[in-house]
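Worksheet: one structure, shown below.
Sequence positions, counted from 1, serve as the residue numbers for this chain. Counting convention: from 1, in listed order, for ligands and their atoms alike.
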Amino acid sequence: MRERVVVLGPPGAGKGTQCKLLAAARGLLHLSTGDLLRAEVDAESSLGQQVKAVVARGDLVSDDLVLAIVRNRLAIHREGWLLDGFPRNSTQAAMLDDLLADLGQPLRVALQLQVPEEELVARLLVRGRCDDSEVVVRRRLQIYARETEPINAHYQARELLKCVDGLGSVEDVATRIGNSLDEREHGEETIC
Ligand code: B4P
């Protein structure tokens with residue numbers, strides 16, 4: 001079965017870190033909306049100019065704009081993929097359902113990486129990206145709690161949600177994620 005996975009979790013949970021490893025290990029497309037938006041900003045494209053201040057503040061970029069980015073890439077990629085950082089709110093989750101139905105690419109699993117808040121803040125302050133100051137990180141966490149966390153219920157209702165402990169070494173977390181995906185393959189999954 002094609003691996004089509006949405007990776008969920010708060011800022012700093014390690015979504016990007018783990019998706020890179022998983023994509024390389026399993027030959028999947030890794031689509032990070034955060035990376036794609038930052039690439040537009042770096043290229044100073046007209047899209048980049050529109051989103052630069054939004055990303056720097058820690059706010060969410062408009063749903064239509066992010067959906068267009070995702071649609072263009074999934075439409076030409078029919079193999080397995082990992083969506084990292086999308087969907088980010090219930091509107092985007094509904095848009096993704098429609099898009100995948102249109103493309104005939106059903107989602108296999110929504111993987112939620114769980115990490116306590118103080119660890120998230122510590123990781124992001126060490127990373128030090130331009131949107132990783134303490135004020136902006138706290139704002140991103142508030143937006144996560146308000147806008148993103150509720151979509152877990154959307155996937156739980158469809159029996160697609162799996163939770164993985166994101167604490168510990170990068171390698172340990174990667175092993176847990178791999179086991180969690182393979183359990184599902186063999187019908188032994190534990191839905192969270
Ligand atoms: P993202 O790029 O998605 O960034 P993130 O959630 O902050 O990080 P992630 O969870 O991927 O953590 P990472 O692996 O890097 O979003 C940035 C911004 O883009 C948003 O604020 C928003 O403005 C915009 N955006 C993106 N998608 C959007 C959407 N769909 N709609 C609207 N706006 C959108 O790990 C973080 C740090 O922890 C790294 O330094 C890493 O080395 C470290 N780390 C990872 N795993 C670790 C471990 N096990 N132990 C210790 N450290 C670890």
### Query
Is Lys15 reaching over with its side chain to a backbone N or O of Gly85, donor-acceptor style, under 3.5 angstrom?
no
### Message
Quick check on contacts: which atoms of ligand 1 are under 4.0 angstrom from a heavy atom of Arg38?
### Response
2 (O), 17 (C)
### Message
So, regarding Asp84 and ligand 1 (criterion: nitrogen or oxygen to nitrogen or oxygen, under 3.5 Å), is there a contact or not?
### Response
no
#### Entry: Short N-O contact, Asp131 and Arg139, less than 4.0 angstrom
no
### Query
Looking at ligand 1, does any of its N/O atoms fall within less than 3.5 Å of an N/O of Gly168?
yes
### Summary
Near Arg129 (heavy-atom distance under 4.0 Å), the atoms of ligand 1 are 2 (O), 4 (O), 7 (O), 17 (C)
### Message
Taking Val136's backbone N and O only, do any of them form a donor-acceptor pair with Arg57's side chain (distance below 3.5 Å, no angle check)?
### Response
no
### Query
So is there a nitrogen or oxygen of Asp35 less than 3.5 Å from a nitrogen or oxygen in ligand 1?
no
#### Entry: Gly9 touching ligand 1 at heavy-atom level, < 4.0 angstrom
no
### Task
Look only at interatomic distance and state if Val55 has a nitrogen or oxygen under 3.5 Å from any nitrogen or oxygen of ligand 1.
no
### Query
Under a 4.0 Å heavy-atom limit, does Val61 contact ligand 1 with its side chain, its backbone, both, or neither?
both
### Query
Would you say Arg88 has any N or O atom under 3.5 Å from an N or O of ligand 1, going by distance alone?
yes
### Query
ligand 1 versus Asp59, non-hydrogen atoms closer than 4.0 Å: side chain, backbone, both, neither?
backbone
### Task
Of the side chain and backbone of Pro10, name the one, both, or neither that has a heavy atom under 4.0 Å from an atom of ligand 1.
backbone
### Heavy-atom proximity to atom 25 (N) of ligand 1, best of Thr33, Leu167, Leu37
Leu37
### Query
Taking 4.0 angstrom as the limit, do Arg140 and Asp132 come out as a salt bridge?
yes
### Under 3.5 Å: N/O of Gly85 near N/O of ligand 1
yes
